[in-house]
Amino acid sequence: MKQHILTILLSVASVSAAFCQEITSKVTPVFKEGEQLNYKLKYGFFTAAEANLKVEAGDKKFDGHDTYHIIADGRTAGAFDIFYKTRNRYETYVDQITLQPYFYTENRHEASYKHTDNVTFDHHIEKITAAKGVYPFKGKVFDFLSAYYFSRSIDISKIKINDTFKLDYFLEDGVHTLSITYIGKEKIESDLGTFYCLKFNPTIIPGRVFRKDSKLYLWITDDDNRIPIKAHVELIVGSLTMELTSYKGLKFPLKHVSK
């Protein structure tokens, strides 16, 4: 599965809240149409890329159901845009009631590498149709973008330190499982202020980008919005950090410790 750094960090943003111990069929969205989240990705001290997520009213219905249209864009910045120009877009249509995905697309341009995919989720017959084939699934399966918005809306009031959770998501060539461990609460400082956050440690697979002992940590707001404030991952050479730079259209006030 070919993934580059920008895709990985967008994936982090989009599954960072996937911590539900038991996935339920009824959720109440903690986001609304018009929400926008903007991030910067830094390699060491240098800004390497920017990522943007937004929620719109769906212009398509599936099985007669209204949808949200969720879009994530990523692009390299500064010198990285000269040497490794990247323009990625990911889109998903999710049911406004269940938040399960119906249709997912991605369009990735990473230097000379190009990849597009159109993925259909048929929840009646439990099959996913994508560019590389048809894949059966059981239970609830998401694309990584819908996984984030679904998971944000799960009740986590009973979460305990060292609880480990799993979420199934489809990406490019099959259904994969992400395991995430809850570490605890921390105060995180950012350019937007200081926030009370929940800290998580998702598992990562060693390879061309990650070391065998690489760690990925992420922090989401400990409030009703549950949005990622920061993520940090160790690479074979150096590390990457993702930070929230701006936001608008949140359903609930964002709670600061201080500004």
Side-chain angles (χ1 to χ4, degrees), residues 9-39 51-56 68 70-72 90 92 94-101 140 142-167 169 178-202 216-233 241-257 259:
L9 265 294
L10 271 175
S11 300
V12 170
S14 301
V15 297
S16 60
F19 38 70
C20 50
Q21 200 161 16
E22 181 180 351
I23 292 180
T24 60
S25 59
K26 293 183 179 180
V27 291
T28 300
V30 298
F31 58 90
K32 64 180 182 179
E33 297 168 13
E35 180 187 271
Q36 293 189 30
L37 305 175
N38 302 310
Y39 294 89
N52 314 100
L53 295 88
K54 61 182 179 180
V55 180
E56 299 178 347
Y68 292 112
I70 302 169
I71 304 166
Y90 311 84
T92 188
V94 304
D95 190 287
Q96 286 195 5
I97 303 299
T98 67
L99 301 186
Q100 292 184 71
K140 298 190 187 305
F142 304 85
D143 55 82
F144 73 77
L145 196 52
S146 62
Y148 164 50
Y149 285 88
F150 177 89
S151 302
R152 280 175 60 187
S153 302
I154 295 296
D155 179 12
I156 57 164
S157 58
K158 297 181 180 180
I159 193 171
K160 297 178 181 179
I161 292 175
N162 294 324
D163 279 352
T164 297
F165 312 92
K166 294 183 179 181
L167 185 81
Y169 67 99
L178 178 74
S179 296
I180 303 175
T181 301
Y182 173 58
I183 304 299
K185 297 185 178 183
E186 288 186 1
K187 285 195 296 186
I188 293 296
E189 295 181 358
S190 74
D191 293 341
L192 297 178
T194 302
F195 300 88
Y196 289 115
C197 291
L198 306 175
K199 182 180 181 180
F200 295 88
N201 174 212
L216 168 60
Y217 293 107
L218 50 93
W219 295 262
I220 70 165
T221 55
D222 186 14
D223 62 13
D224 291 333
N225 295 292
R226 302 184 200 133
I227 60 175
I229 290 292
K230 181 179 179 180
H232 181 82
V233 61
T241 301
M242 179 188 73
E243 293 185 1
L244 182 70
T245 57
S246 64
Y247 60 89
K248 69 176 183 178
L250 299 182
K251 189 172 183 178
F252 304 99
L254 190 60
K255 294 183 179 180
H256 297 77
V257 177
K259 292 186 178 180

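The chain is numbered in sequence order, starting from 1. Note that the coordinates shown come from a computational prediction; the quantities given were computed from them, not determined experimentally.
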Practice task
Quick one: closest heavy-atom pair of Gly193 and His256, and the distance?
Solution key: CA-CD2, 4.4 Å
Exercise for the section: Test side-chain contact (heavy atoms from CB on, under 4.5 Å) on Phe195 and Leu244 and set out the steps. Expected result: CA-CA 12 Å; Phe195 300 88; Leu244 182 70; 5.8 Å; no
Problem - Non-neighbouring partners of Asp222 that pass side chain to side chain donor-acceptor pair (under 3.5 Å), sequence neighbours left out - result: Lys185
Completion exercise
Applying side chain to side chain donor-acceptor pair (under 3.5 Å) to Thr181 and not counting sequence neighbours gives Thr164
Exercise for the section: Determine whether more than 12 heavy atoms belonging to other residues, nucleotides or ligands lie under 6.0 Å from atom NZ of Lys255. Expected result: no
Problem - 4.5 Å side-chain heavy-atom contact, Lys230 and Tyr217 - result: no
Practice task
Can you measure from CG (Leu218) to OG1 (Thr241) and round to the nearest 0.5 angstrom?
Solution key: 12.0 Å
Practice task
List for me each residue that meets side chain to side chain donor-acceptor pair (under 3.5 Å) alongside Asp191, sequence neighbours excluded, and say none if there are none.
Solution key: Lys40
Practice task
Rounded to the nearest 0.5 Å, what's the gap from CD1 on Ile71 to OG1 on Thr92? Could you check?
Solution key: 10.5 Å
Handout entry: Taking every non-hydrogen atom, the tightest pair across Val94 and Ser146
Key = CG1-CB, 3.5 Å
Handout entry: All side-chain contact (heavy atoms from CB on, under 4.5 Å) counterparts of Ser246, not counting sequence neighbours
Key = Asn38
Problem - Tyr149/Phe31 aromatic ring centres below 6.0 Å - result: yes
Handout entry: Listed partners of Lys199 passing side chain to side chain donor-acceptor pair (under 3.5 Å), at least two apart
Key = Glu186
Completion exercise
Closest heavy-atom pair, Ser153 versus Pro29, reported as atoms and distance to 0.1 Å, is OG-CA, 3.3 Å
Practice task
Measure the CD1-CG distance between Ile180 and Asp163 for me, rounded to the nearest 0.5 Å.
Solution key: 12.5 Å
Problem - 4.5 Å side-chain heavy-atom contact, Leu53 and Tyr39 - result: yes
Practice task
With the side chain counted from C-beta on, respond yes when Ile227 and Tyr148 share a heavy-atom pair under 4.5 Å apart, and no when they do not.
Solution key: yes
Handout entry: salt bridge (Lys or Arg N to Asp or Glu O under 4.0 Å) involving Lys54 - partner list, sequence neighbours excluded
Key = Glu56
Fill in the blank from the handout: d(Ile70 CD1, Tyr90 OH) to nearest 0.5 Å is 15.5 Å
Problem - Test side-chain contact (heavy atoms from CB on, under 4.5 Å) applied to Leu192 and Tyr247, step by step - result: CA-CA 10 Å; Leu192 297 178; Tyr247 60 89; 4.0 Å; yes
Exercise for the section: Let me see the working for Tyr182 and Ile161 under side-chain contact (heavy atoms from CB on, under 4.5 Å), right down to the final yes or no. Expected result: CA-CA 5 Å; Tyr182 173 58; Ile161 292 175; 4.0 Å; yes
Practice task
Could you tell me the separation between the CD1 atom of Ile188 and the NE2 atom of His232, rounded to the nearest 0.5 Å?
Solution key: 11.5 Å
Handout entry: Side-chain heavy-atom pair Leu216, Pro202 within 4.5 angstrom cut-off
Key = yes
Practice task
Please identify each residue that fulfils side-chain contact (heavy atoms from CB on, under 4.5 Å) with Glu189, with sequence neighbours left out.
Solution key: Thr194
Exercise for the section: Keeping to residues at least two apart or across chains, list the salt bridge (Lys or Arg N to Asp or Glu O under 4.0 Å) pairs with something in residues 30-39. Expected result: Glu35-Arg152
Fill in the blank from the handout: Closest non-hydrogen atoms of Trp219 and Cys197, given as atom of the first, atom of the second and distance, are CB-CB, 3.9 Å
Problem - Audit row: Asp223, Tyr196, side-chain contact (heavy atoms from CB on, under 4.5 Å) steps and yes/no - result: CA-CA 8 Å; Asp223 62 13; Tyr196 289 115; over 6 Å; no
Practice task
Would you name the heavy atoms of Leu250 and Asn225 that are closest together and state the gap between them?
Solution key: CB-OD1, 3.7 Å
Exercise for the section: Could you grab the distance from atom CG of Leu254 to atom CD1 of Ile229, nearest 0.5 Å is fine? Expected result: 5.5 Å
